[in-house]
Amino acid sequence: MSYYRVASLEQYFKHYNKSLREPRKFWDRIADENFTWYQKWDKVVEFDMQEAEIKWYLNAKVNITKNCIDRHLAKRGEKTAIIFEPNNPDEDAQHITYNELYERVCKMANVLRSQGIKKGDRVCVYLPMIPELAITVLACARIGAIHSVVFAGFSASAVASRINDSGCKMVVTSDGGFRGNKTIDLKGIIDEALQKCDTVEDVLVVKRTNAEINMQEGRDKWLQPLLDEAMDTNVAEIMDAEDPLFILYTSGSTGKPKGMLHTTAGYMVYSAYTFKNIFAYEENDVYWCTADIGWITGHSYIVYGPLLNGGTTVLFEGIPSYPDFGRFWEVVDKHKVTQFYTAPTAIRALAKENLEWVDKYDLSSLKVIGSVGEPINEEAWHWYNDHVGKKKSPIVDTWWQTETGGIMISPLPFITPTKPTYATLPLPGVQPVLMDDRRNEIEGNQVVGSLCIKFPWPGMARTIWGDHQRFKDTYFTAFPGKYFTGDGALRDEVGYYRITGRVDDVVIVSGHNLGTAPIEDAINEHPAVAESAIVGFPHDVKGNALYGFIILKESGEGRDRDNLIREINEHVSSHIGPIAKLDKIQFVSGLPKTRSGKIMRRILRKIAEGDYSNFGDTSTLLNPEIVEEIKEGRI
């Protein structure tokens, strides 16, 4: 029996129990069954959770691109590996076969080597969602260079801080990028960023928008002429299992971004295994994740996971509202997408629009739909289930982090019964526990605590680039011997997990511990409310009180604000209890969010407290301008 694919609920429990009893044997078998290795491992795992030292598949030799591309060529050479759907729907989509992908990755790898990039060098990739982004990532992995993808929307200062932190030797960028009806001057942003960087020797530029740009002699080169001269074959670098694969920056609570380092073999095994099972991927499926490769979702579930399984993955350059609010559904219809994976932020935004945008397209090809980036609220879950999944395509509500490398808790489609707002059960090989304030494990069901993982898994980050002490302090000291996720969770009567939000999103009001997520769910059920975020602020009597930042649907815009505030608090009172009533409600047009859709609550907390110091680098937010607007409207 193969352990790689879970085919039934009975099999899930069999695999899961096996992974609890014998985790080493479980992960040994999955790695042995499904990948091409130059050399097998001497030992499956070695770890010291107290010191945050973890190694998987010790002394194994492998190259992840051999597994993503080369091994598929004999049987799948003419199969489409990547469908590129451009920002402009009038521009033709590209279908890149595995044979073509092999040639393009080899050429790019040869270009990188010709420019002096070698194993261990860091390459900053600052590109829009075009094929060259995926190809550059794979080319870096092929030659053993460490890719550091920075979302092509970050400011010059944000880019510079990441380049300097990782000591990048090269930047790969483009003349610009298309985003809806806007054109973004990516090269100009790089030029500005590099004024503060002294490690970058070369900048390779992809031509995408044909904008006029500045090319600095000796440093900047157009990529295409170099590709034209490059050979289309390349011998992949033999990598050790624990050689670095990529650095990916995630927001830190201090405002200083954390460069999470992922290594080669464990990440490969975990991203492949989770993709196969969570999306129930079959040979001729067309899978689409709407995220950007600048995030971990794009790394694991646009590039590596699908290609490791010989899949067809859609690369989308555009946004859900361009040229209209039917774009996502038009793309699903056009390419007969079978698995669709997006963020609750996008779902809520589209749910506010007329249903005609969904109904005019044929979504019957969809088999599985997914949610990623933050817990999905119940109203959005039902809208997604009813109107996109048509109540036949199960929703995989996935919980995971940049740090985990892949999905940790999620329904398995057609296997795990779903429950709105619940990520349900851990994957085989994942051992979650809930911990109380005294650092004791909470047994049984119908309990709430801090979510930790008590045994390592192959996809986990190994360190924070250049700062192992911060890695240890952030993830392994709060609950010694365990990985602390930073999230709170509840486990219901059948053992399903629901993420209740960051642990620091628990507010103690008059001695009561109030999780903000259930209160937000109650508020969001009000017909006039689109989205909300709750934080605590100091109160003379209660210790802390609740401050609500609320976005209204258009239908609620003209309503009497005082009545709305009263109605919302009555709603909260009836759903949660009078103790959860909000002392202050501020109606806002948006919330400060990361590009992956997470609300930056520490910024909201500071505004609620009237402390406008040290917000960190707000330029990395999806909507940095909203911070000033919220400050001005503070109650």
Side-chain angles (χ1 to χ4, degrees), residues 129 149 151 153-154 248-252 257-258 260 271 274-275 278-279 287-303 305 314 316 319-321 328 339-352 368-381 383-385 388 395-411 420-424 451 459 485-489 497-502 505 516-517 520-521 524 530-533 551 590-604 620-623 626:
M129 282 286 285
V149 182
F151 173 72
F154 274 178
L248 188 56
Y249 286 88
T250 184
S251 301
K258 299 174 292 192
M260 305 312 303
S271 58
T274 52
F275 173 80
I278 286 153
F279 298 104
Y287 163 88
W288 180 21
C289 169
T290 71
D292 192 284
I293 295 171
W295 312 115
I296 189 66
T297 307
H299 280 57
S300 300
Y301 301 116
I302 295 178
V303 180
V314 176
F316 178 55
I319 57 174
S321 57
F328 271 4
Q339 289 90 355
F340 177 74
Y341 193 35
T342 196
T345 303
I347 296 165
R348 283 192 293 267
L350 294 169
K352 287 170 66 175
V368 177
I369 56 177
S371 167
V372 60
E374 57 178 313
I376 184 170
N377 57 299
E378 190 159 352
E379 187 182 5
W381 192 98
W383 184 89
Y384 197 30
N385 182 56
V388 179
I395 295 174
V396 289
D397 178 1
T398 61
W399 175 82
W400 59 302
Q401 303 171 313
T402 303
E403 296 87 340
T404 70
I407 296 163
M408 303 286 279
I409 304 176
S410 170
T421 76
Y422 282 75
T424 68
L451 179 63
T485 67
D487 282 334
Y497 286 86
R498 177 187 177 186
I499 310 304
T500 54
R502 303 299 292 171
D505 293 337
T516 57
E520 289 166 4
D521 278 353
N524 295 346
E531 192 174 1
S532 62
I551 303 172
L591 297 167
K593 291 186 176 184
T594 65
R595 302 278 176 170
S596 60
K598 289 198 175 82
I599 299 167
M600 292 297 282
R601 294 171 194 276
R602 63 183 173 82
I603 292 176
L604 294 177
T620 63
L621 296 174
L622 179 66
N623 49 351
I626 203 70

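Sequence positions, counted from 1, serve as the residue numbers for this chain.
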So do the side chains of [X] and [Y] get within less than 4.5 Å of each other, counting heavy atoms only?
{"X": "Leu604", "Y": "Ile599", "result": "yes"}
{"X": "Pro375", "Y": "Trp399", "result": "no"}
{"X": "Thr297", "Y": "Trp400", "result": "yes"}
{"X": "Asn377", "Y": "Thr421", "result": "no"}

- [ ] Would you please test Ser300 and Ser271 for side-chain hydrogen bond (donor to acceptor under 3.5 Å, both in side chains) and show each step?
- [x] CA-CA 6 Å; Ser300 300; Ser271 58; 5.5 Å; no
Task: Aromatic contact, Phe279 with Trp288 (centres under 6.0 Å) - done: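 Between Phe279 and Trp288, the centre distance exceeds or equals 6.0 Å.
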TODO: Establish, yes or no, whether a centroid distance under 6.0 Å links the rings of Phe340 and Phe328.
DONE: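 Here the rings of Phe328 and Phe340 have centres that are less than 6.0 Å from each other.
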Taking the side chain from [X] and the backbone from [Y], do they hold a donor-acceptor pair closer than 3.5 Å?
{"X": "Asn385", "Y": "Trp381", "result": "no"}
{"X": "His299", "Y": "Ile293", "result": "yes"}
{"X": "Asn623", "Y": "Leu591", "result": "yes"}

Which heavy atom of [X] sits nearest a heavy atom of [Y], and at what distance?
{"X": "Ser410", "Y": "Thr424", "result": "C-OG1, 3.4 Å"}
{"X": "Pro592", "Y": "Leu621", "result": "CB-CD1, 3.9 Å"}
{"X": "Ile409", "Y": "Ala423", "result": "CG2-O, 3.5 Å"}
{"X": "Glu378", "Y": "Pro420", "result": "CG-CB, 4.0 Å"}
{"X": "Ser371", "Y": "Pro344", "result": "OG-CG, 3.4 Å"}
{"X": "Ala489", "Y": "Thr500", "result": "N-OG1, 3.5 Å"}

Open item on the list: Would you call the rings of Phe154 and Phe151 parallel, tilted or perpendicular, taking 30° and 60° as the class edges?
Closed with: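 Rings of Phe154 and Phe151: perpendicular, as their planes differ by over 60°.
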- [ ] Dump the intermediate steps for side-chain hydrogen bond (donor to acceptor under 3.5 Å, both in side chains) on Tyr301 and Thr274, then the final yes or no.
- [x] CA-CA 9 Å; Tyr301 301 116; Thr274 52; 2.6 Å; yes
So, taking the atom named [atom1] in [X] and the one named [atom2] in [Y], what distance separates them when rounded to the nearest 0.5 Å?
{"X": "Lys258", "Y": "Leu248", "atom1": "NZ", "atom2": "CG", "result": "11.5 Å"}
{"X": "Ile395", "Y": "Ile347", "atom1": "CD1", "atom2": "CD1", "result": "7.0 Å"}
{"X": "Leu451", "Y": "Met408", "atom1": "CG", "atom2": "CE", "result": "8.5 Å"}
{"X": "Asp292", "Y": "Ile302", "atom1": "CG", "atom2": "CD1", "result": "7.0 Å"}
{"X": "Ile407", "Y": "Gln401", "atom1": "CD1", "atom2": "CD", "result": "12.5 Å"}
{"X": "Met600", "Y": "Ile626", "atom1": "CE", "atom2": "CD1", "result": "15.0 Å"}

TODO: Please identify each residue that fulfils side chain to side chain contact (heavy atoms under 4.5 Å, CB included) with Ala351, with sequence neighbours left out.
DONE: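 Once residues adjacent in sequence are excluded, the partners of Ala351 under the side chain to side chain contact (heavy atoms under 4.5 Å, CB included) criterion are Trp383.
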- [ ] Using a strict cut-off of less than 4.0 Å between a Lys/Arg side-chain nitrogen and an Asp/Glu carboxylate oxygen, indicate whether Arg498 and Asp397 qualify as a salt bridge.
- [x]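 Salt bridge flag = no for Asp397 with Arg498.
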- [ ] Quick one: list whatever passes salt bridge (charged side-chain N to carboxylate O under 4.0 Å, His left out) with Arg348, sequence neighbours left out.
- [x]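 Listed in chain order: Glu374, Glu531.
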TODO: Kindly determine whether Tyr384 and Ile369 satisfy side chain to side chain contact (heavy atoms under 4.5 Å, CB included), including the steps that lead there.
DONE: CA-CA 8 Å; Tyr384 197 30; Ile369 56 177; 3.6 Å; yes
Task: Test item: side-chain donor near acceptor, Tyr341 and Thr398, under 3.5 Å - done: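 Per modelled atom types, Tyr341 and Thr398 side chains form a pair under 3.5 Å.
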